[in-house]
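Heads up: the structure comes next, in structure tokens.
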Amino acid sequence: MERKLKAGLFSFTGDEGCVITFLEILNYKLKDWNGRVEWQAARVLRKKSSLEGLDVAFVEGAISNEKELEKLMEIRKNAKKVVAIGTCAINGSPSNHRNSFDEDKKREIKHILKRFNHMPSVEPIGKYVKVDAEVPGCPIIEQKFVEVMEQYIKEFGVE
Ligand code: SF4
């Protein structure tokens with residue numbers, strides 16, 4: 001059976017603008033990637049979420065609660081490569097605005113953070129796991145996403 005790149009797309013804290021851009025990319029790359037890429041985890045494509053044998057995990061969003069952190073660790077454990085897509089995943093911004101709130105504001109939102117099991121700060125994924133590549137931009141730069149995908153298609157020996 002022909003080898004396909006097993007890819008996943010995951011979203012954490014952000015506005016999913018990068019996922020929307022990903023869908024725009026598929027408008028012109030879907031046909032080309034169809035025979036070479038198997039999306040085995042991508043909520044936006046209504047794929048069942050399987051991490052087993054994942055080659056590349058594209059991760060959007062920052063980490064703001066324990067549940068996200070657990071999922072991120074699980075993704076890292078399973079994926080051979082992890083790619084941070086968008087500035088939220090790369091450096092936390094703009095999803096990390098609450099990190100710079102003054103003490104009064106932080107006190108004001110404390111009960112909300114507790115209620116939703118949020119962590120004291122919002123952090124980029126690189127704070128917790130090794131990141132192999134980045135796709136910059138807010139939202140992501142389309143061309144850069146395509147380049148990273150093509151690079152892994154080659155690296156994993158998919159023709
Ligand atoms: S990087 Fe920008 S577009 Fe992407 S999820 Fe964050 S806020 Fe949205």
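When a ligand or atom number is given, it counts from 1 through the structure's own listing order.
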**Request:** Check for a donor-acceptor pair, side chain of N99 on one end and backbone N or O of V122 on the other, with a separation under 3.5 Å.
**Result:** yes
**Message:** Is the contact between P94 and ligand 1 made by the side chain, the backbone, both, or neither, using heavy atoms and a 4.0 Å cut-off?
**Reply:** side chain
**Request:** Could you tell me which atoms of ligand 1, counted from 1 in the order shown, lie closer than 4.0 angstrom to a heavy atom of P139?
**Result:** 3 (S)
**Prompt:** To which protein heavy atom is atom 5 (S) of ligand 1 closest, and what is the distance rounded to 0.1 Å?
**Reply:** D15 OD1, 3.4 Å
**Item:** Ring centres under 6.0 angstrom apart (F22, F58)
**Value:** no
**Asked** Does K154 NZ have over 12 foreign heavy atoms under 6.0 Å away?
**Response** no
**N, O or S from C88 under 2.8 Å to atom 6 (Fe) of ligand 1** = yes
**Request:** Keeping the roles fixed (side chain from E68, backbone from S64), state whether a donor-acceptor pair exists under 3.5 Å.
**Result:** yes
**Prompt:** Which atoms of ligand 1 sit under 4.0 Å from any heavy atom of E60?
**Reply:** 5 (S)
**Request:** List the closest protein heavy-atom neighbour of atom 4 (Fe) of ligand 1: residue, atom name, distance to the nearest 0.1 Å.
**Result:** C18 SG, 2.4 Å
**Prompt:** Can you tell me the protein heavy atom closest to atom 2 (Fe) of ligand 1 and the distance?
**Reply:** C138 SG, 2.3 Å
**Prompt:** T87 heavy atoms, cut-off 4.0 Å: which ligand 1 atoms fall inside?
**Reply:** 1 (S)
**Message:** Can a side-chain donor-acceptor contact be found between W33 and E38 if the only test is distance below 3.5 angstrom?
**Reply:** no
**Asked** Any side-chain donor-acceptor pair under 3.5 Å between E142 and Y28?
**Response** yes
